[in-house]
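Every chain is numbered from 1, with letters handed out A, B, ... down the list of sequences.
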2 protein chains.
Amino acid sequence: MSNYSTKNLDRFSAVFNALSNPHRLQIYTILSGCCTPGTACNMDIITSCCVGDLGSELDIAASTLSHHLKELSHAGLINMQRDGKQVICSVNSEMLNDIRQYFQGNPEVHHESQTG
Amino acid sequence: MSNYSTKNLDRFSAVFNALSNPHRLQIYTILSGCCTPGTACNMDIITSCCVGDLGSELDIAASTLSHHLKELSHAGLINMQRDGKQVICSVNSEMLNDIRQYFQGNPEVHHESQTG
DNA sequence: ACTATAGTTCGACATATTTAGAACTATAGA
DNA sequence: TCTATAGTTCTAAATATGTCGAACTATAGT
């Protein structure tokens, strides 16, 4: 593919790499469900998006969970923000839209959109 | 996520794993472009979906390309069919639709659809 | 300052992935 | 059958990934 930028290729392959691990995909799926994409995870309504709550669903070591969250965050798939003692995780809706566009075959995403 | 089936988790993580390598993502992107999803790759119109043509765009060893195609095929992302000396590759549109539904948050995909 | 809770970083190890070259199979044509 | 073309399988090596436990940092309450 000559008119598909290497930049996008690397960006999306990193995204899919982040989702390629069952634990990370599970985390992302949980976050997709608890936080309506497009809205910041509203903790007044739903209270299950902090790291500890994710951990209680996954049965892996805390250090492993932390590592996976860093991967998802680094790929741009999720946002993490400290709130007191807790760290709140939520889906990055901009990246979710980019992914949707990729699979829709949208030229904005497929052919170098150079907006950044 | 307790109501998200492990089956789907494994299936989709395998799909994303297949797309997590830049070369494989490039292959998939080329195939998405040359073959309109939903139609079998129409070789009367477009002539760039055989293994060799993919290889000429990637600059990797033939054995490596073959390995990557097997991964994509095994994950259900592409179809491969022999036509004489050549092997024609095309996007599996059913899987593409499943992926689209996953990112749309469609419950059919998220919560165990047991149709197979 | 001390303690408890929440999460991260570091170090190590087992396993998986990517890659290429050599040898192989499959098809078509002379 | 012999040859050329198209692609695959096998083997091996370098690199990346997933995982945990121990030690660490950050915040809040006493």
Side-chain angles (χ1 to χ4, degrees), chain A residues 6 9-31 34 41 43 47-75 77-90, chain B residues 6 9-28 30-31 34 41 43 46-75 77-90:
Chain A
T6 304
L9 223 38
D10 290 344
R11 189 167 73 102
F12 280 107
S13 62
V15 163
F16 297 133
N17 189 49
L19 296 175
S20 71
N21 175 278
H23 287 144
R24 285 196 297 265
L25 184 59
Q26 190 175 2
I27 293 165
Y28 189 75
T29 306
I30 292 169
L31 292 177
C34 84
C41 185
M43 299 305 286
T47 50
S48 57
C49 291
C50 75
V51 174
D53 288 335
L54 289 168
S56 59
E57 304 218 41
L58 291 203
D59 197 37
I60 55 177
S63 57
T64 305
L65 174 60
S66 192
H67 164 72
H68 284 322
L69 289 171
K70 199 163 70 173
E71 296 269 297
L72 288 166
S73 173
H74 197 246
L77 281 160
I78 66 169
N79 303 124
M80 298 177 76
Q81 59 186 88
R82 183 171 278 275
D83 178 26
K85 277 192 290 187
Q86 299 181 317
V87 172
I88 308 301
C89 305
S90 59
Chain B
T6 304
L9 223 37
D10 289 344
R11 190 167 73 102
F12 279 108
S13 63
V15 163
F16 297 132
N17 188 50
L19 296 175
S20 72
N21 176 278
H23 288 145
R24 286 196 297 266
L25 184 60
Q26 191 175 1
I27 293 165
Y28 189 76
I30 292 170
L31 292 177
C34 85
C41 185
M43 299 306 287
I46 300 146
T47 50
S48 56
C49 291
C50 75
V51 174
D53 289 334
L54 289 168
S56 59
E57 304 217 40
L58 291 203
D59 196 36
I60 54 176
S63 57
T64 305
L65 174 60
S66 192
H67 163 74
H68 284 322
L69 289 171
K70 199 163 69 174
E71 296 268 298
L72 287 166
S73 174
H74 198 246
L77 281 160
I78 66 168
N79 304 124
M80 298 176 77
Q81 58 186 91
R82 183 171 278 276
D83 178 27
K85 278 191 291 188
Q86 297 179 319
V87 172
I88 308 300
C89 305
S90 59

Presence of [X] side-chain N/O under 4.0 Å of [N] phosphate oxygens OP1/OP2:
X	N	value
His23(A)	dT19(D)	yes
Arg24(A)	dT17(D)	no
Asn21(A)	dA16(C)	no
Asn17(A)	dT17(D)	yes
His68(B)	dT19(C)	yes

Integer-rounded Å distance: [N] [atom2] and [X] [atom1]:
X	N	atom1	atom2	answer
Asp83(B)	dT5(D)	CG	C1'	14 Å
Leu54(A)	dA6(C)	CG	C1'	13 Å
Ile27(B)	dG7(D)	CD1	P	13 Å
Gln86(A)	dG29(D)	CD	P	12 Å
Ile60(A)	dT8(C)	CD1	C1'	14 Å
Leu69(B)	dG7(D)	CG	C1'	10 Å
Glu71(B)	dG7(D)	CD	P	19 Å
Ile88(B)	dA6(D)	CD1	P	12 Å

Which heavy-atom pair separates [X] from [Y] by the least distance, and what is that distance?
X	Y	value
Ile78(A)	Tyr28(A)	CG2-CD1, 4.0 Å
Arg24(B)	Asn17(B)	NH2-O, 3.2 Å
Cys50(B)	Ile88(B)	CB-CD1, 4.0 Å
Ala14(B)	Ala75(B)	O-CB, 3.9 Å

**Prompt:** Pick the nucleotide of DNA chain C nearest each of Lys85(A) and His67(A); which residue has the one closer to the 5' end?
**Reply:** Lys85(A)
**Message:** Closest approach to the side chain of Lys70(A), judged atom by atom: which nucleotide of dT5(C), dT9(C), dC20(D) is it?
**Reply:** dT9(C)
**Asked** With both distances under 3.5 Å as the test, what is the Watson-Crick or G-U wobble partner of dA4(D)?
**Response** dT27(C)
**Item:** Contact check, side chains of His68(A) and Ile27(A), non-hydrogen atoms, under 4.5 Å
**Value:** yes
**Message:** For dG18(D), does the base pair up with any side-chain atom of Thr64(A) as donor and acceptor (N or O, under 3.5 Å, distance only)?
**Reply:** no
**Asked** Could a donor-acceptor pair under 3.5 angstrom be found where the side chain of Ser63(B) meets the base of dG21(C)?
**Response** yes
**Item:** Given DNA chain D, 5'-ward residue of the pair Ala61(A) and Ser66(B), judged by closest heavy atom
**Value:** Ser66(B)
**Prompt:** Which part of the nucleic acid does Leu65(A) contact within heavy-atom distance under 4.0 Å: base, sugar-phosphate only, or nothing?
**Reply:** nothing
